[in-house]
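In the text below, chain A, chain B and the rest are named by the order of the sequence lines, each starting its count at 1.
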Amino acid sequence: MQDFIQHIINGISLGSIYALIALGYTMVYGILKMINFAHSDVYMVGAFAAYYVARFFGIDASPGIATLITLLVVSMVCCSLLGLAIERLAYRPLRNAPKLNVLITAIGVSLFLEYAGQVVFGADPKVFPEVMKDMVLFNIGDVELKSFDVTVLIVSVLAMLGLQFLIFKTKLGRAMRAVSANASVASLLGVNPDRIIAFTFIVGSSLAGVGSVLVGMKYPKIDPLMGMMIGLKAFVAAVLGGIGNVGGAVLGALIMGLSEEMVVAYLSSTYRDALAFGILIVILIFKPAGLLGKYTVEKV
Amino acid sequence: MKRLLLALVLVLPLLSGCTKKENEIVIGEYDSLTGSDATFGLSSNKGVRLALDEINAAGGVKGKKISLVTLDDQGKNEEAAAATTRLITQNKVVAIIGGVASGRSKAAAPIAQTHKVPFVSPASTNPDVTKVGDYVFRVCFIDPFQGYVMAKFATENLKMKKAAILRDVKNDYSVGLADVFAAEFKKRGGEIVADLSYQAGDIDFKAQLTQIRSKNPEGIYVPGYYTEVGLIAQQARQLGIKVPLMGGDGWDSDKLSEIGKEAINGNYYSNHYTTESSDPAVTEFIKKFKAKYNETPDALAALAYDAAKILVAAMERAPDLSGKAIRDELAKTKDFGGVTGKITLNENRDAVKSAVIIQVDGSNRKYITTITP
């Protein structure tokens with residue numbers, strides 16, 4: 001029983017990291033109806049940005065909340081800029097091209113970042129600086145709740161609530177929803193779709209930045225290919241919850257984290273990655289729109 | 001005109017490739033200079049270069065200087081095979097010093113065997129590597145020996161009765177060590193209470209460690225690479241597991257302590273050599289290595305250094321530089337005084353020598369004991 005509770009804690013903690021990255025996939029899809037495969041590599045660049053800034057300014061010498069916030073800001077700013085640049089240089093020129101072209105471009109950008117990352121940062125793993133001291137908040141028997149796990153969970157829940165507020169309670173959010181519904185009609189009504197799309201990339205990418213610092217804090221080994229697997233899983237989580245749906249992304253991510261943990265605990269770690277894709281296939285067969293997604297008829 | 005230029009551009013590199021210097025012997029090396037275990041390859045390359053520089057400074061082999069061609073395998077099996085083909089067919093090397101990982105050697109060695117080019121691996125410890133054929137050698141001991149050494153150390157020195165295993169299922173090396181450790185540990189009256197797995201590239205090991213924790217082992221054997229072992233050690237300590245972790249030479253990198261921080265301290269691994277040795281061969285090697293690269297050589301550098309020295313010694317003894325002549329002399333290597341111990345190649349072309357047990361202590365590596373075959 002103790003083990004089971006520990007597995008649940010581990011799973012939720014893993015799932016909340018997937019959630020932060022899944023939010024980025026879901027947002028871009030919601031607005032542009034495209035899958036930004038480069039999202040997980042923006043996340044990777046965020047981790048390295050935080051790493052180099054921390055090393056250069058010696059921020060890691062004093063772990064604590066202030067360090068965490070500084071690195072979060074650094075990583076969010078770098079990721080936003082990169083996200084903006086990718087949108088401007090790679091996706092905007094293809095705005096009116098067929099969907100498939102944009103998808104291929106996204107994969108191209110992803111591969112470019114991964115391999116350029118190996119050239120620029122070096123392919124060997126780097127050690128993320130110590131951002132905070134991990135503390136035991138409370139324990140019952142062998143079950144321990146750690147401050148890292150709680151921090152990750154709190155930050156991802158805050159990010160999700162912030163997003164919900166942004167999308168449903170602000171003028172900008174209304175414009176985003178308008179562009180999502182129909183970009184050309186929205187532009188007739190005085191919304192600048194290019195601006196809104198750029199903004200979506202800023203928000204989505206900065207969430208990836210948050211994710212990268214939290215992952216770096218929890219698993220202090222970063223390398224240029226670190227985004228690959230976590231990106232795929234976050235993407236599956238977004239599809240599982242209903243891509244385009246913010247709450248769905250978080251729900252999907254938690255399900256992914258928990259089920260992965262349980263599979264490793266009670267079956268075998270070899271099935272860990274197979275599970276993600278198994279879930280994806282099952283969902284696509286039985287509920288193509290995802291758990292919380294709305295089924296819409298595609299206009300031809 | 002454009003076509004002419006294009007033709008020239010295509011032909012030029014071929015022409016320049018033909019202007020090989022007559023008084024030079026070319027040795028090939030492929031290594032993981034980039035990729036997830038790049039520190040292994042970089043160390044190994046430094047060891048080879050140091051050895052060849054020394055040999056060249058002393059006049060080379062048979063009055064000729066040796067030049068080294070190093071190709072990067074990026075830590076991938078298929079790249080290792082491609083690099084080996086290129087070394088043999090384009091660079092016309094007389095012998096190849098192979099890479100560090102067994103998987104890559106298994107992909108590359110058959111190519112060397114087919115072309116009858118002697119192949120010496122510095123650090124591929126999987127038993128199957130030298131079974132490829134009679135042109136394939138290695139200067140390190142093999143996996144079963146490392147698993148055996150750790151099981152012996154755990155039962156005799158640490159008095160362990162119950163151990164758990166956490167192996168990297170994707171990695172031949174890790175699986176090999178784990179299997180032999182399990183068999184030997186049981187043979188010595190111990191019990192394996194859990195045998196779980198992970199995959200290279202994973203970052204979360206809490207599920208496996210939580211399970212291991214519930215079985216209360218007295219030690220955990222984690223024969224993986226430093227990249228994951230550092231994280232495993234941290235997460236084990238986070239879950240309150242206090243028993244020692246044990247591993248093999250895959251732990252041997254400075255990154256291990258960087259990633260694992262305090263959590264990795266006090267744990268044991270088996271290795272090829274120790275920098276704490278007072279053997280003059282070792283101290284001399286460390287001094288020269290530090291002077292050239294300004295860093296302390298790890299075991300990979302020492303093994304690669306020995307591999308290059310053994311290969312060149314065989315070339316010097318050989319009547320000519322044909323593949324067969326070098327191979328025959330390599331096979332006769334006996335009691336070669338290397339940095340990693342006295343090296344004798346047995347009938348399977350594997351080195352027979354002792355292993356050391358090292359305890360991690362910050363960036364220091366504390367020598368604990370030597371275990372002989």
Salt bridge check: are B:E228 and A:K221 linked by an N-O gap of less than 4.0 Å? yes

Which of B:D31, B:D72, B:D73, B:D172 passes salt bridge (charged side-chain N to carboxylate O under 4.0 Å, His left out) with B:R104? It is B:D73

Between B:R237 and B:E262, does a salt bridge (charged side-chain N to carboxylate O under 4.0 Å, His left out) hold up when you go through it step by step? CA-CA 9 Å; B:R237 297 295 177 257; B:E262 307 92 55; over 6 Å; no

Examine whether an atom of B:L231 lies under 4.5 Å from a heavy atom of chain A, and if so say whether it belongs to the side chain, the backbone or both; otherwise answer neither. side chain

Tell me, for A:D223 versus chain B, whether the close heavy atoms (under 4.5 Å) come from the side chain, the backbone, both or neither. neither

Greatest number of non-hydrogen atom pairs under 4.5 angstrom with chain B, of A:N10, A:I9, A:V263, falls to A:N10

Using a cut-off of under 4.5 Å for heavy-atom pairs, which of B:L33, B:I203, B:I259, B:D202 has the most such pairs with chain A? B:I203

Do the side-chain N and O atoms of A:S13 and A:K218 include a donor-acceptor pair separated by under 3.5 angstrom? yes

Identify which of A:P224, A:A265, A:G11 forms the greatest number of heavy-atom pairs closer than 4.5 Å to chain B. A:A265

Part of B:K261 within contact of chain A (heavy atom distance under 4.5 Å): side chain

Which of B:Q238, B:K255, B:Q199 touches chain A most, by non-hydrogen pairs under 4.5 Å: B:Q238

Return yes if some donor-acceptor pair links the side-chain N/O of A:S75 with the main-chain N/O of A:G209 below 3.5 Å, else return no. yes

Looking only at heavy atoms, which two atoms of A:F235 and A:I35 are closest? And how far apart? CE1-CG2, 3.7 Å

Answer with side chain, backbone, both or neither: which region of B:Q74 has an atom nearer than 4.5 Å to a non-hydrogen atom of chain A? neither

